[in-house]
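Structure, as structure tokens:
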Amino acid sequence: MTSVKLAALLNATLGEDTAAAIDDIVIPAGVADSGPDSVTRAEFAVAMTVALHWGLLQRVPTGEAYAADCRAAGRKIMLDHGALRTIALPGGAPTGAIPAGVAAFSRILEPLGYVVADAYPLERLRMTGFAYCHQDAPDEIAQFFISELHVDRFDGAFADAAGRLFGTTADPLDAAAREALAVFARDGKASLDVAMAAMPSIVGAFDRHHALPSLADYEVLKGQSAEAAWIATEGNAFNHGTDRVENVDSVADAQRALGRAMKDKVEVSGSGRVRQTAYRADWVERDFTGEAGEVLTLKVPGSFYEFIDRAKDPESGKLDLKFDSANAQGIFKMTASLDA
């Protein structure tokens with residue numbers, strides 16, 4: 001994939017930040033270039049992840065500080081995965097104008113070459129996580145870890161609040177995005193013009209598209225699920241992005257030495273091959289509606305940045321790309337409280 005084509009795909013979305021966003025990340029070498037006038041599903045997926053990573057850095061000051069350190073050291077970030085959260089209303093009902101839960105994003109990811117590699121029960125959170133891995137270059141193209149919050153596992157007051165808020169969700173995909181996804185699903189590639197036209201809408205889908213939450217509904221959701229409260233303010237934005245590093249422990253020690261707020265411990269998978277830690281979420285100001293319709297502004301947990309190292313599976317000899325339910329639930333605490 002040429003840098004010229006990557007820049008063309010990103011320019012309509014990132015504008016003058018395009019070059020900096022590309023320069024931050026290791027661009028997969030295993031994604032072949034399809035020529036100047038064509039974009040494969042893998043090429044589009046790479047461009048999309050570059051844009052989403054850059055957007056995350058703009059919302060997460062500690063993540064941007066880490067990226068600045070990497071730039072100064074001449075080290076590029078190996079984007080391992082991005083995570084987002086979705087809502088599954090009772091009975092499989094649509095979430096407003098979009099499909100329920102992870103289906104809102106499988107309709108984007110599957111045409112671009114992603115498949116569900118595994119599902120992970122997140123029982124303590126009343127959620128399920130789904131790992132989407134790219135078929136064409138799984139070791140190099142960033143995965144997506146999409147969690148689905150099961151509203152039917154909470155009480156009636158929670159379900160009512162969730163329905164009122166998330167039922168207002170608009171569909172962010174425009175006609176250009178739907179056309180491009182249909183072409184990618186059918187042919188595995190699209191013309192450069194079609195891909196360029198679709199990129200802003202598809203990148204924009206990873207955001208909040210429901211109405212401003214009422215403070216009353218937010219408090220109901222927060223009382224039973226910190227994750228639902230997070231979705232209420234942040235929507236389907238990247239909850240976190242993750243740099244794949246050589247040694248998580250040394251990275252964590254270095255970040256603590258710089259005075260950055262880190263998770264207290266490293267999460268280790270059952271296999272021992274996947275190790276993760278993270279910054280605590282940066283706090284952000286978000287608006288709510290009060291009882292009289294007035295707008296209230298509060299500070300709430302926003303997104304964060306994560307670090308992971310992966311060892312090879314001795315049986316396959318390949319990098320272990322799996323996740324771990326216990327690890328994930330430990331990492332999720334970064335947006336829940338100061339206790340982790």
Side-chain angles (χ1 to χ4, degrees), residues 59 83-107 120-130 145-173 204-240 280-304 328-329 331-340:
R59 295 183 290 107
L84 58 145
R85 299 172 176 178
T86 65
I87 290 289
L89 295 174
T95 309
I98 65 175
V102 296
F105 289 91
S106 63
R107 64 181 180 149
Y120 299 88
L122 309 173
E123 296 297 340
R124 294 200 306 271
L125 307 177
R126 288 172 269 190
M127 303 177 82
T128 304
F130 297 87
F145 189 89
I146 306 181
S147 54
E148 185 177 86
L149 186 138
H150 304 290
V151 174
D152 59 4
R153 299 184 189 177
F154 296 85
D155 67 20
F158 184 99
D160 289 344
R164 281 191 295 269
L165 177 57
F166 301 118
T168 66
T169 304
D171 191 343
L173 297 184
F206 296 79
D207 205 338
R208 181 177 70 82
H209 294 286
H210 55 258
L212 205 64
S214 73
L215 185 57
D217 283 342
Y218 176 78
E219 293 294 347
V220 170
L221 297 175
K222 182 181 177 183
Q224 298 187 46
S225 170
E227 291 69 38
W230 192 92
I231 302 169
T233 62
E234 310 306 299
N236 305 122
F238 260 20
N239 171 259
H240 63 267
R280 299 185 184 278
D282 284 310
W283 286 65
V284 294
E285 290 189 345
R286 293 291 182 259
D287 290 340
F288 302 83
T289 57
E291 291 184 3
E294 73 277 22
V295 176
L296 307 169
T297 302
L298 300 176
K299 283 192 173 182
V300 298
S303 297
F304 63 96
Q329 291 175 115
I331 293 294
F332 271 37
K333 289 183 181 179
M334 294 301 90
T335 58
S337 71
L338 295 180
D339 302 317

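FYI, side chains are in, hydrogens and waters are out, and symmetry mates aren't considered; it's all heavy atoms of this structure.
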Exercise for the section: Could you tell me the separation between the NZ atom of Lys222 and the CG atom of Leu215, rounded to the nearest 0.5 Å? Expected result: 9.0 Å

Handout entry: Pairwise side-chain contact, Arg126 with Ser225, heavy-atom cut-off 4.5 Å (strictly under)
Key = no

Problem - Passing option when Thr86 is tested against Ile98, Ile231, Leu149, Val102 for side chain to side chain contact (heavy atoms under 4.5 Å, CB included) - result: Val102

Completion exercise
Across all chains, not counting sequence neighbours, the ring pair (Phe, Tyr, Trp, His ring centres under 6.0 Å) partners of His209 are none

Problem - Expected output: side-chain Gln224 to main-chain Phe154 donor-acceptor under 3.5 Å - result: no

Practice task
For the pair Arg286 and Glu234, find out whether any cationic side-chain nitrogen is under 4.0 Å from an anionic carboxylate oxygen.
Solution key: yes

Practice task
Locate the shortest heavy-atom distance separating Pro301 from Ala281; write the atom from each residue and the value.
Solution key: CB-CB, 4.3 Å

Exercise for the section: Kindly indicate, with the supporting measurements, whether the criterion side-chain contact (heavy atoms from CB on, under 4.5 Å) is fulfilled by Arg85 and Leu125. Expected result: CA-CA 12 Å; Arg85 299 172 176 178; Leu125 307 177; over 6 Å; no

Problem - Side-chain touch Arg59/Val284, heavy atoms, less than 4.5 angstrom - result: no

Exercise for the section: Before giving the answer on side-chain contact (heavy atoms from CB on, under 4.5 Å), spell out for Thr128 and Tyr120 the whole-Å C-alpha distance, their side-chain angles and the decisive distance to 0.1 Å. Expected result: CA-CA 6 Å; Thr128 304; Tyr120 299 88; over 6 Å; no

Practice task
For residues Trp230 and Ser303, determine if any side-chain heavy atom of one lies less than 4.5 Å from a side-chain heavy atom of the other.
Solution key: yes

Completion exercise
dist Leu165:CG -> Asp160:CG (nearest 0.5 Å) comes out at 12.5 Å

Handout entry: Under the side chain to side chain contact (heavy atoms under 4.5 Å, CB included) test, residues paired with Glu291 that sit two or more places apart
Key = none

Problem - Closest non-hydrogen atom pair between Ala161 and Leu221, with its separation - result: CB-CD2, 4.1 Å

Practice task
Taking ring pair (Phe, Tyr, Trp, His ring centres under 6.0 Å) as the test, write out the residues that go with Phe288, two or more places apart.
Solution key: Tyr218

Handout entry: Check: Glu227 and Leu122 side chains under 4.5 Å, non-hydrogen atoms
Key = no

Exercise for the section: Give the ring-plane orientation class for Phe145 versus Phe332, where under 30° counts as parallel, over 60° as perpendicular and anything between as tilted. Expected result: perpendicular

Handout entry: Flag side-chain contact, heavy atom, 4.5 Å: Ile87 against Thr169
Key = no

Fill in the blank from the handout: Residues Pro172 and Arg107: closest non-hydrogen pair is CD-NH2, 4.1 Å

Practice task
Heavy atoms only: give me the nearest Ala205-Asn236 pair and the separation to one decimal.
Solution key: O-CB, 4.3 Å

Exercise for the section: Drop me the distance from Glu148's CD to Met127's CE, to the nearest 0.5 angstrom. Expected result: 8.5 Å

Problem - Nearest heavy atoms of Ala104 and Pro99, plus distance in Å - result: CB-O, 3.6 Å

Practice task
Give a yes or no on whether a salt bridge exists between Arg153 and Glu123, defined as a side-chain N under 4.0 angstrom from a carboxylate O.
Solution key: yes

Exercise for the section: State, yes or no, whether a side-chain contact exists between Asp287 and Thr297 at a heavy-atom distance under 4.5 Å. Expected result: yes

Problem - Nearest-0.5 Å distance, CG of residue Asp282 to OG1 of residue Thr335 - result: 12.0 Å

Fill in the blank from the handout: One should read off an interatomic distance between Lys299 NZ and Glu285 CD, to the nearest 0.5 angstrom, of 6.0 Å

Handout entry: Ring geometry between Phe105 and Phe206 (parallel below 30°, tilted from 30 to 60°, perpendicular above 60°)
Key = tilted

Practice task
Quick one: pull up CG in Leu84 and NE2 in His240 and give me the separation to the nearest 0.5 Å.
Solution key: 9.5 Å

